There are 2 protein chains.
Amino acid sequence: MSSVVHPGRPPSLTERTIEAVRDGVRNGTFVPGELYSVYRLADELGVSRSPVREALLRLAETGMLAIERNRGFRVVLPGARELAEIMAVRIALEVPAASRAARLAKPSDHDSLRVEREAMQQAVVAGDEGAFLLHDQRLHGLLLDLAGNAHVTRIIENLRDATRLVGLSTMKNSRSLDEVYREHLPIVSAVERGDGRAAGEAMRRHLESTGRLLLREAAGENDDVNALWAELIR
Amino acid sequence: MSSVVHPGRPPSLTERTIEAVRDGVRNGTFVPGELYSVYRLADELGVSRSPVREALLRLAETGMLAIERNRGFRVVLPGARELAEIMAVRIALEVPAASRAARLAKPSDHDSLRVEREAMQQAVVAGDEGAFLLHDQRLHGLLLDLAGNAHVTRIIENLRDATRLVGLSTMKNSRSLDEVYREHLPIVSAVERGDGRAAGEAMRRHLESTGRLLLREAAGENDDVNALWAELIR
DNA sequence: TCGACATAAGTAACATGTTACTCCTGATTC
DNA sequence: GAATCAGGAGTAACATGTTACTTATGTCGA
């Protein structure tokens with residue numbers, strides 16, 4: 001997304017810890033609900049508690065984990081309502097962003113999009129949910145970058161942290177990789193045609209469809225998915 | 001906004017420091033561009049460097065101040081482009097929020113809105129820009145609360161931190177308090193009628209008009225306000 | 001007058017120490 | 001057996017110590 005912008009500057013221990021925790025959540029080192037402590041994590045990473053604490057505070061702000069005073073921290077799976085709220089934000093921001101991306105994209109950008117789209121296709125064939133989610137994320141990130149609003153990019157990336165685990169388990173359960181993949185095709189082709197309106201509408205259809213999928217996955221006994229959807233998205 | 005939710009829990013030193021810095025920026029204790037240090041601020045607040053540092057890190061993430069390694073931190077005024085980006089986000093989120101607020105508001109909510117609207121009117125008469133901005137912020141906050149999406153509320157509040165100073169100087173210079181006040185009237189009346197579409201459209205007109213005002217204020221010699229607007233908002 | 005260069009002051013980033021809290025565990029009582 | 005309570009283990013929040021860096025300042029040679 002924003003890789004080589006400040007050339008040299010090595011990442012701080014805090015930043016490295018943030019990435020380490022993100023990875024740990026992705027690959028199952030940190031299990032949702034379990035209690036962990038700054039002491040132990042600092043030991044395992046070979047750094048002091050300060051940068052670890054700073055990293056956790058930042059991640060806690062995005063909602064992907066919760067810090068409990070004098071107890072520890074734990075990874076939290078978003079509930080149905082939180083997911084609906086997040087999808088509402090994504091729709092509000094990513095739909096216009098897709099429109100703008102379509103209007104601003106150059107041929108070289110089309111190439112980058114195609115690379116990710118094809119990687120997604122490969123992941124579908126291979127049945128690799130992790131890879132699928134990775135390239136899905138990159139494709140959405142590319143579109144946001146094209147739209148040229150760094151604030152929007154940052155907001156969406158933070159929200160994604162909170163939902164990644166749900167996305168993974170949803171994909172694993174529903175076996176609908178191909179379905180989700182197909183939703184991206186009209187987005188990409190609209191961008192290639194430079195058709196802003198169509199790109200926005202395709203993005204909206206994709207996010208609404210995927211959002212409902214995620215919501216059903218996360219919903220508990222007493223969550224009325226349709227009511228939540230109506231309250232926050234419609 | 002979200003006052004009495006966890007009854008007792010006294011605010012941590014970090015939280016108190018965040019508020020102290022916010023206040024300091026508002027009332028001119030911290031001047032944009034000037035360098036300040038964690039050491040000194042911790043002394044002045046009578047706490048250690050840890051909570052102060054944590055507070056500054058959080059505020060730096062919202063963009064209202066920048067931390068410079070081994071130098072200090074400084075309050076930053078957003079440039080024209082950043083302001084345009086922020087207004088694009090506000091439009092994308094607050095317009096649908098106003099629609100939802102109109103559909104969900106109860107009579108008691110109408111009362112709360114009226115209180116803030118009247119306070120704004122008083123501030124116009126008194127020519128008190130500070131009070132005007134405060135109640136303007138509260139009115140927007142009420143509408144966001146009514147829309148029921150806590151993520152949206154949090155995002156907008158963070159963005160506001162970064163723009164408050166520009167808003168203040170704009171109001172002081174342009175003497176257009178009354179104009180901005182009048183833009184809120186159709187929003188409030190649409191909410192009272194329960195007319196979601198009208199509320200959204202009134203909010204859009206307000207944000208676009210105010211956004212252009214802020215942009216002109218923040219624009220430097222080589223900023224093309226209209227081009228920025230076209231790229232990010234239209 | 002001007003520029004190279006040592007020196008020192010000041011700082012964020014990181015490490016470590018301290019405190020007050022939460023919760024578990026197990027003994028004690030009824 | 002169940003309820004109560006003391007003690008201790010473990011922790012986040014906060015305080016303080018250390019390090020490596022950046023920059024201002026002044027000295028000296030051309």
Side-chain angles (χ1 to χ4, degrees), chain A residues 5-25 29-76 161, chain B residues 5-25 29-76 161:
Chain A
V5 55
H6 284 311
R9 189 65 60 135
S12 67
L13 290 184
T14 298
E15 292 168 59
R16 274 189 272 171
T17 303
I18 288 177
E19 281 315 309
V21 174
R22 278 205 181 111
D23 286 350
V25 170
T29 308
F30 296 104
V31 182
E34 202 79 12
L35 256 182
Y36 302 96
S37 90
V38 173
Y39 275 68
R40 277 205 269 264
L41 180 53
D43 269 4
E44 285 164 21
L45 295 177
V47 299
S48 80
R49 309 193 303 275
S50 301
V52 174
R53 176 173 163 79
E54 283 173 14
L56 293 177
L57 284 171
R58 279 219 242 168
L59 291 170
E61 260 193 311
T62 75
M64 84 177 287
L65 48 85
I67 297 178
E68 303 182 16
R69 179 167 181 132
N70 298 327
R71 302 254 303 138
F73 68 92
R74 56 180 105 225
V75 180
V76 289
D161 270 348
Chain B
V5 55
H6 285 309
R9 188 67 58 143
S12 67
L13 290 185
T14 298
E15 292 169 59
R16 275 190 270 170
T17 303
I18 288 176
E19 281 314 309
V21 174
R22 278 206 180 108
D23 286 350
V25 170
T29 307
F30 296 104
V31 181
E34 202 78 12
L35 257 181
Y36 302 95
S37 90
V38 173
Y39 275 68
R40 276 205 266 267
L41 181 53
D43 268 3
E44 285 163 22
L45 295 177
V47 299
S48 79
R49 309 192 303 274
S50 301
V52 174
R53 176 173 163 79
E54 282 173 14
L56 293 177
L57 284 171
R58 279 218 241 168
L59 291 171
E61 259 192 311
T62 75
M64 85 177 286
L65 48 85
I67 297 179
E68 302 182 16
R69 181 171 178 126
N70 299 327
R71 302 253 304 139
F73 68 91
R74 56 180 105 225
V75 180
V76 290
D161 270 349

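Just so it is clear, the model here is predicted, and its values are computed rather than measured. Order of the sequence lines sets the chain letters (A, B, ...), proteins ahead of strands, with each chain counted from 1.
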Visitor: Strictly under 4.0 angstrom, non-hydrogen atoms only: write out the protein contact profile of nucleotides 11-16 of chain C, one letter per nucleotide from the 5' end, B, S or -.
Guide: BBSSBB

Visitor: Is there side-chain contact between A:V25 and A:L59, with at least one heavy-atom pair below 4.5 Å?
Guide: no

Visitor: Supply the atom-to-atom distance A:R58 CZ to A:M64 CE, rounded to the nearest 0.5 angstrom.
Guide: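 If I round to the nearest 0.5 Å, the distance is 13.5 Å.
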
Visitor: Rounded to the nearest 0.5 Å, what's the gap from OG on B:S50 to CZ on A:R53? Could you check?
Guide: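 Rounded to the nearest 0.5 Å, the OG-CZ separation comes to 8.0 Å.
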
Visitor: Is any side-chain heavy atom of A:L13 less than 4.5 Å from a side-chain heavy atom of A:R16?
Guide: yes

Visitor: So that I can tick it off, tell me whether A:R22 and A:E19 are bridged by a salt bridge, with the cut-off set at under 4.0 angstrom between side-chain N and carboxylate O.
Guide: yes

Visitor: Determine the interplanar angle of the B:F73 and B:F30 rings, folded into 0 to 90°, and report it as parallel if under 30°, tilted if 30 to 60°, perpendicular if over 60°.
Guide: tilted

Visitor: Counting C-beta onward and ignoring hydrogens, is there a side-chain heavy-atom pair between B:V21 and B:L65 closer than 4.5 Å?
Guide: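 With C-beta onward as the side chain, the pair touches.
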
Visitor: State, to the nearest 10°, the angle formed by the axis through the first five base pairs of the helix from C:dT1-D:dA30 to C:dC30-D:dG1 and the axis through its last five.
Guide: 10°

